[in-house]
Amino acid sequence: MRSSLLSSFALAGLTICPQTVLAQTESDAPEPAVYDVAAQRPTLVDTKYASLGGYLEANVGYTGADGVDEGLSFAFPRLTLFIFSQVSQRIRMLAELEFEDGTEEIKLETAQVDFEISPEFVVRAGVILPPIGRFNQDHDAPRWDFVDRPLVSTTIIPATLSEVGAGALGRFALGPARLNYQAYLTQGLSDGVVDNAVGRTDIPSGRSPKLFEEDNNGSPAVSGRIGFELADIEVGVSNWSGVYNTFRVEGERIDRARWLTVSAIDVRVELGRLTFRGEAAYATIDIPTTLRGPFGERQAGFHADLGARLLDFRALGVANRLLAGLRLDAVDHNYGTLSSTGQRAGEQTTRVTGALALRPGNEAVVRLNYSYQWATDLIGNAPSRSAALQLGVATYF
């Protein structure tokens, strides 16, 4: 994610099909007041008042697990539509609608309004993406050379996490460096963190469509991130903290408030033809006494991506880039030892992925990935192993 933390919105000047685009004149195009990934997205249609675009991804994979060939399968993970509008000089709006797995899930991912007091202080409200790490706010498939999303960013940081709330963001110049920040109050997660079908602590299961209507406990979550940028280096630290359980019913207290906290650090470094991107997270969860042991009270993980630009060439009238990448993923969903036995808990997953990516132009990517993964269960039995060969395409439009 080129810098993740995300600030206010402005129109992207890139287009996939310039001959069909209603482009703004230079004087019409608003300048982004503060850094935002959305300001760098290409759009299909730009008018004086709004920009419309989106992205899609499609994959085919050949997989196997524990020596059993699972064969070839096709997938259409998502189609996302977004619209941006510079309502006035100080007011901007961004909305995103995502269709996952065909139309199995239709999700309002973002619907936010920004009011800019100054570049250093922008008020934001609506359906937002909390800044937990970088990936939750910069996860568009065409930006990545890897088909699968990072394990830490999807199983510990529950990306993509959308929450109703409000807060502020901004950006400061510090000589040659820049400091950006975000801070929000949001609805938070729900009882699904432990009351789920997974059978263990699962933070993503705490996402609930009902939280778009009413908080399950009346206690907002607090999230924030501070990012430091210098040339082609950025480091961000972030935190999300909130009560996840329903501890009151019609005014009657039925449990104590149980807190969940996720802290993360993300790094981006670009050095010539080499790029490094990584994210690490650590979560603490207050688990009811009766569930402790099988349900982890601490979780941790990271991903580290190393990419290299191998070749630049022109073909079919398009500037192309050929890139290679290597990713290491590791997560531990029950970090520490089991109180019953004193042994280290299992539930660790490690994955190594190699990638070749062809980028014809700036808006699309064709990705060939091979990944190998091994995972242990709670009591540390011999790990299950799986492998996958994937070919995918992702493009903005």
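Residues Arg92 and Glu116 are paired through a salt bridge, judged by an N-O separation under 4.0 Å between the basic side chain and the carboxylate. Salt bridge present: Arg256 and Asp286 bring a charged side-chain N and a carboxylate O closer than 4.0 Å. A salt bridge is defined here as a Lys NZ or Arg NE, NH1 or NH2 lying under 4.0 Å from an Asp or Glu carboxylate O, and Arg143 with Asp138 meets this definition. Ion pair Asp305/Arg277 not flagged as a salt bridge, since none of the NZ, NE, NH1 or NH2 atoms sits closer than 4.0 Å to an Asp/Glu carboxylate oxygen. Taking the charged nitrogens against the carboxylate oxygens, Glu57 and Arg367 do have a contact shorter than 4.0 Å, which makes a salt bridge. Using a 4.0 Å cut-off between charged side-chain N and carboxylate O, Arg292 and Glu297 make a salt bridge.
For the atom pair CD1 of Ile285 and CZ of Phe295, the computed distance is 11.5 Å after rounding to the nearest 0.5 Å. Between the CG atom in Asn362 and the OH atom in Tyr396 there is a gap of 11.0 Å [rounded to 0.5 Å]. Atoms CE and OG, on Met93 and Ser85 in that order, are 5.0 Å from each other to the nearest 0.5 Å. With values rounded to the nearest 0.5 angstrom, Thr353 atom OG1 is found 6.0 Å from Asp329 atom CG. A distance of 10.0 Å separates CZ in Arg78 from CG in Asp140, rounded to the nearest 0.5 Å. With rounding to the nearest 0.5 angstrom, the CZ atom of Phe172 is 9.5 Å from the CZ atom of Phe121.
Relative to the ring axis of Phe276, Arg268 does not place its NZ or CZ within 45° and under 6.0 Å from the centre.
Closest approach of Ser162 to Glu109, counting heavy atoms only: OG-O, 2.7 Å. Leu189 and Glu163 make their closest contact through N-OE2, 4.0 Å (heavy atoms, listed as atom of the first residue, atom of the second, distance). Taking each heavy atom of Gln86 and Phe84 in turn, the nearest pair found is OE1-CZ, 3.7 Å. Residues Ile132 and Val262 share a closest heavy-atom pair of CG2-CG1, 3.9 Å. Ile156 and Ala281 get closest at one heavy-atom pair: CG2-CB, 4.2 Å. What you find for Asp266 and Gly133 is that their closest heavy atoms are OD2-C, 3.7 Å.
Side-chain atoms of Asn136 and Thr160 include no donor-acceptor pair closer than 3.5 Å. A donor and an acceptor atom, one from each side chain of Tyr62 and Asp69, are located under 3.5 Å apart. For the residue pair Gln299 and Asp332, no side-chain donor N or O sits within less than 3.5 Å of a side-chain acceptor on the partner. A donor and an acceptor atom, one from each side chain of Ser208 and Ser190, are nowhere located under 3.5 Å apart. In the model, Thr246 has a side-chain atom that pairs as donor or acceptor with a side-chain atom of Asp191 under 3.5 Å. Glu214 and Gln187 share no donor-acceptor pair across their side chains, judged by distance under 3.5 Å alone. The closest side-chain donor-acceptor pair between Thr110 and Gln112, if any, does not fall under 3.5 angstrom. For the residue pair Ser384/Asp66, the side-chain donor-acceptor check at 3.5 Å is not satisfied. No side-chain N or O of His333 forms a donor-acceptor pair with one of Thr201 less than 3.5 Å apart. Neither side chain, Thr80 nor Glu96, offers a donor N or O lying under 3.5 Å from an acceptor on the other.
Tested against Asp312 for a salt bridge (Lys or Arg N to Asp or Glu O under 4.0 Å), the candidates Arg359, Arg321, Arg273 yield a single pass: Arg273. Screening Val331, Val152, Leu328 against His303 for a side chain to side chain contact (heavy atoms under 4.5 Å, CB included) leaves a single residue, Val152.
With sequence neighbours left out, the ring-ring contact (aromatic ring centres under 6.0 Å, His included) criterion links Trp374 to Tyr372.
In the hydrophobic clustering of ILVMFWY residues, with side-chain heavy atoms under 4.5 Å counting as a link, Leu161 and Val194 come out together. Note: the hydrophobic cluster containing Phe146 does not contain Val365 (ILVMFWY, side chain heavy atoms under 4.5 Å, direct or indirect links). Under the 4.5 Å side-chain heavy-atom criterion for Ile, Leu, Val, Met, Phe, Trp and Tyr, Phe74 and Val147 are members of distinct hydrophobic clusters. Both Tyr244 and Leu291 belong to a single network of hydrophobic side chains, linked directly or stepwise wherever heavy atoms of I, L, V, M, F, W or Y lie under 4.5 Å apart. Cluster annotation: Leu56 is connected to Leu81 through the hydrophobic network of ILVMFWY side chains, with a link wherever side-chain heavy atoms come within less than 4.5 Å.
Counting heavy atoms from C-beta on, the side chains of Phe82 and Arg41 come closer than 4.5 Å. The shortest side-chain heavy-atom distance between Ile254 and Arg248 does not fall under the 4.5 Å cut-off. In this structure, the side chains of Leu230 and Pro176 come closer than 4.5 Å at one or more pairs of heavy atoms. Using a 4.5 Å heavy-atom cutoff, the side chains of Asn239 and Thr261 are in contact. The side-chain heavy atoms of Phe302 and Glu279, taken from C-beta on, include no pair separated by under 4.5 Å. Looking at heavy atoms from C-beta onward, Val222 lies out of side-chain contact with Tyr184 at the 4.5 angstrom threshold. Proximity of Glu363 to Pro142: side-chain heavy atoms (C-beta onward) are nowhere separated by under 4.5 Å. Residues Leu391 and Val366 meet the side-chain proximity criterion, which asks for heavy atoms closer than 4.5 Å.
Looking at Arg314, its side chain does come within 3.5 Å of a backbone N or O of Gly317 through a donor-acceptor pair. The closest donor-acceptor contact from the side chain of Asp202 to the backbone of Ser205 lies under 3.5 Å. No side-chain donor-acceptor contact under 3.5 Å links Asp101 to the backbone of Glu105.
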Before you tell me yes or no, could you show the steps for Asp148 and Asn369 under side-chain contact (heavy atoms from CB on, under 4.5 Å), namely the whole-Å CA-CA distance, both residues' side-chain angles and the distance that decides it to 0.1 Å? CA-CA 9 Å; Asp148 289 330; Asn369 288 186; over 6 Å; no
Under the criterion side-chain contact (heavy atoms from CB on, under 4.5 Å), I'd like the reasoning laid out for Leu179 against Ile226: C-alpha separation, chi angles, the key distance, then a yes or no. CA-CA 7 Å; Leu179 185 73; Ile226 296 176; 3.5 Å; yes
Go through the steps to decide whether Leu323 and Leu356 satisfy the test side-chain contact (heavy atoms from CB on, under 4.5 Å), and finish with yes or no. CA-CA 6 Å; Leu323 304 101; Leu356 278 177; over 6 Å; no
Show your working on salt bridge (Lys or Arg N to Asp or Glu O under 4.0 Å) between Arg178 and Glu234 and close with a plain yes or no. CA-CA 9 Å; Arg178 287 171 294 188; Glu234 183 183 11; over 6 Å; no
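For Tyr335, the OH atom sits in a loose shell: 12 or fewer heavy atoms of surrounding residues, nucleotides or ligands are nearer than 6.0 Å.
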